[in-house]
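Bear in mind that the values here come from a model prediction, so they are computed numbers and not experimental data.
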Amino acid sequence: MKIKNNFFQRVLMILSLIFVCGVIYSQTCTISFLPAVNYTVASSPGGMVAADLDEDGNTDLAFTRSDTVSIVEIFFGSASGVFSVSTGFASGNGSIDLVATDLNGDTRQDIITSNFVGNSLSVLLNAGSGSFAPPVDFPCGSGPRALAIGDFNGDTNMDLVTGNSNTDSVTVLLGDGTGGFSGTVSFLTGSNPFGVVVADFNNDGDSDLVTTNEGNNTISLLLGDGTGNFTAPQPFNVSGSVRKITCGDFNADGNMDVATAHFAFPQVSVLLGTGTGSFNPFVNYISSVGAVCMGITSADFDTDGIIDLAVPNNAQNTASVLIGSGTGTFATGVAFLVQTVPLGITQGDFNNDLQPDLAIVNLGSGGSISVLLNNTNCATGFQGASADQSASVSPNPFSDHFSLHTDGKKSEVEIYNMEGKKIRSFSVLQTNTEVDLSTENSGIYLIRTTDGSFSKKIVKE
């Protein structure tokens, strides 16, 4: 793994956060962002993803835009959170959404777009140093609007899933580990799927799917069997004009929850998962008075160990953060000014300060990207680093592996990323357990026991 340029500064910050202060705040902090820095784009941007695409240790932004041709445009990031002049690469016909992941096992982040007009995916393999090979197209369902990644058949190769708005379906493409796909299967959803997320919603160790269905104001849960197949969709009601979706453990019960954005209403719908392949009825929370939102993302924006939500407010030219309580409820959104007609949103640590920042896609005035750097200052009032001082993690920070040291009693352990998505769950039976996170991106993670006896932030460099 490549070490970040400002490694020693980051280590000092990490040590102060983890070993001196601990993990969870005992006081409420006010969320704060610096004024937006806006970057003009050549034409209206679409989907956006944050990833280190040129392997320099800094987070970059890639987004789709379609004018006379379809382009993936990249703003290359820096350690200060400033982005350089963009570079464009050809993509498929009518590119609308995109994700980044390593499809061919070379540790570089490749780009995949969903092509609404072309009814296909485009794979742009990372050629190194911020350059990409020409797109290779793969057919999928009609009108692919949503796109997500996961390992659906347990072979450690990354797979893709599209939400196909014209055929009320998802298409699963099983990765072959070389940048191509070994199989393609489609499964029915609700009407007009607009968003899709991947997580384990019934705690069986296999990846499941949830789609947002704008045509009938539902979400659909499709349970995976670990071989690349999925059950018939189970519908759950949400509010009207549902668009995008995010997931995380919002109430710290070990079960995955979802939150949806609604284009016609100033609210998000939160559905708390039961852990058995079902959801409790939705509860709405206000994003901002008079606002409407299409996109949504989740992260621990005030670094208190609790997942928060963020949405763009299309009617107000703002982005809002809804602070989570840790019990699955959320405060009314706190709004921050961006440019006109914000529709898309993503999060990442753009200036390497261990706090998640925001990037917003704006369609007004020809198109722009607004970057909000997080400057929330809650550096006091922490509780202890863990509830159980007999448990520890070393080294921390780590590269690919770390050791979990316990008292030897059987424990159930879970690891979450900062979006609140569970990435590992396992049983501990011995005093020293080696944990492999080599396949995960650099960043901050939370490791905890299900009984609440141990909880700690860990950092992968």
Side-chain angles (χ1 to χ4, degrees), residues 2 4-5 36-104 106-116 121-137 147-149 158 160 179 295 297 338-339 342-352 356-363 366-373 441-443:
K2 188 170 183 177
K4 295 183 181 292
N5 295 335
V37 177
N38 302 303
Y39 299 85
T40 301
V41 301
S43 59
S44 298
M48 181 168 55
V49 66
D52 182 5
L53 299 171
D54 57 357
E55 304 165 279
D56 67 349
N58 301 312
T59 301
D60 311 307
L61 292 172
F63 55 93
T64 59
R65 62 177 180 85
S66 293
D67 194 357
T68 55
V69 294
S70 295
I71 295 292
V72 171
E73 196 158 351
I74 300 174
F75 285 144
F76 291 106
S78 67
S80 64
V82 175
F83 291 85
S84 65
V85 176
S86 63
T87 302
F89 300 92
S91 62
N93 190 6
S95 297
I96 193 170
D97 199 6
L98 79 169
V99 293
T101 190
D102 179 11
L103 278 182
N104 59 352
D106 64 356
T107 73
R108 296 170 179 164
Q109 294 289 297
D110 309 308
I111 293 175
I112 307 95
T113 68
S114 60
N115 308 318
F116 186 80
L121 295 181
S122 291
V123 173
L124 288 73
L125 292 179
N126 194 325
S129 302
S131 63
F132 289 83
V136 178
D137 290 350
L147 185 60
I149 56 177
M158 297 310 298
L160 275 295
T297 190
V338 294
Q339 292 201 307
L343 287 181
I345 192 167
T346 193
Q347 63 84 24
D349 183 3
F350 303 145
N351 57 352
N352 299 328
D357 309 305
L358 287 171
I360 295 92
V361 171
N362 309 298
L363 296 189
S368 66
I369 304 295
S370 293
V371 173
L372 292 166
L373 295 180
N441 293 329
S442 299

Counterpart residues, side-chain hydrogen bond (donor to acceptor under 3.5 Å, both in side chains), relative to Gln339 (two or more places apart): Ser368

List in chain and number order the residues that pass ring pair (Phe, Tyr, Trp, His ring centres under 6.0 Å) with Phe89, two or more places apart in sequence or in another chain; answer none if no residue qualifies. Phe132

If every non-hydrogen atom of Phe83 is compared with every non-hydrogen atom of Phe75, which pair is closest and at what distance? CD2-O, 3.6 Å

What are the two closest heavy atoms between Asn362 and Pro342, and how far apart are they? OD1-CB, 3.3 Å

My understanding is that only residues two or more places apart in sequence, or in another chain, count here; which of them pass side chain to side chain contact (heavy atoms under 4.5 Å, CB included) with Val49? Ala62, Leu98, Ala100

Do Phe63 and Val72 pass the side-chain contact (heavy atoms from CB on, under 4.5 Å) test, and can you show the C-alpha distance, the side-chain angles, and the key distance before you say yes or no? CA-CA 6 Å; Phe63 55 93; Val72 171; over 6 Å; no

Between CG on residue Leu124 and CD on residue Gln109, distance to nearest 0.5 Å: 13.5 Å

side-chain hydrogen bond (donor to acceptor under 3.5 Å, both in side chains) filter on Ser78, not counting sequence neighbours, yields Ser80

Check step by step if side-chain contact (heavy atoms from CB on, under 4.5 Å) holds for Leu125 and Asn104. CA-CA 8 Å; Leu125 292 179; Asn104 59 352; 4.0 Å; yes

Ignoring hydrogens, what is the shortest heavy-atom contact between Gly57 and Asn352? Give both atom names and the distance. O-OD1, 3.9 Å

Between Asp110 and Ile112 (side chain of the first, backbone of the second, donor and acceptor by atom type, cut-off under 3.5 Å), is there such a pair? no

Please report the shortest heavy-atom distance between Pro135 and Ser122, naming the atom on each side. CB-CB, 4.0 Å

Not counting sequence neighbours, list each pair that qualifies as a salt bridge (charged side-chain N to carboxylate O under 4.0 Å, His left out) and has a residue in residues 125-135. none

I need the minimum non-hydrogen distance between Pro45 and Gly367, along with the two atoms involved. CD-CA, 3.8 Å

Residues in side chain to side chain contact (heavy atoms under 4.5 Å, CB included) with Asp60, at least two apart? Asp52, Leu53, Asp54, Ile74, Phe76

Test of understanding: with ring pair (Phe, Tyr, Trp, His ring centres under 6.0 Å), list the residues that count as partners of Phe116, not counting sequence neighbours. none

Gap separating the OH atom of Tyr39 from the OG atom of Ser370, nearest 0.5 angstrom: 10.0 Å

Is there side-chain contact between Leu160 and Val123, with at least one heavy-atom pair below 4.5 Å? no

Is there a side-chain contact between Asn38 and Thr40 (heavy atoms, below 4.5 Å)? no

Under the side chain to side chain contact (heavy atoms under 4.5 Å, CB included) test, which residues partner Met158, sequence neighbours left out? Thr101, Leu103, Ile149

Atom of Gly81, atom of Asn351 and distance for their closest heavy-atom approach: N-CB, 3.7 Å

Determine the sole option in Leu372, Thr59, Asp349, Val371 for which the side chain to side chain contact (heavy atoms under 4.5 Å, CB included) test with Asp357 is passed. Asp349

Answer with yes or no whether the side chains of Thr113 and Asn115 bring together a donor and an acceptor at under 3.5 Å. yes

CD1 of Ile96 to OG1 of Thr64, rounded to nearest 0.5 Å, is 7.5 Å

Do the side chains of Leu343 and Val361 get nearer than 4.5 Å, heavy atoms only? no

Return the set of residues passing side-chain hydrogen bond (donor to acceptor under 3.5 Å, both in side chains) with Ser91 (not counting sequence neighbours), or none when no residue passes. Ser95

Going by the rule side chain to side chain contact (heavy atoms under 4.5 Å, CB included), which residues pair with Thr346 if we only count those two or more places apart in sequence or in a different chain? Met48, Ala50, Leu61, Ala359

Under the side chain to side chain donor-acceptor pair (under 3.5 Å) rule, what pairs show up with a residue in residues 125-136, not counting sequence neighbours? none

Between Ser86 and Glu73, is the side chain to side chain donor-acceptor pair (under 3.5 Å) condition met? List the steps. CA-CA 6 Å; Ser86 63; Glu73 196 158 351; 2.3 Å; yes

Short side-chain to backbone donor-acceptor contact, Asp97 and Ser114, under 3.5 Å: no

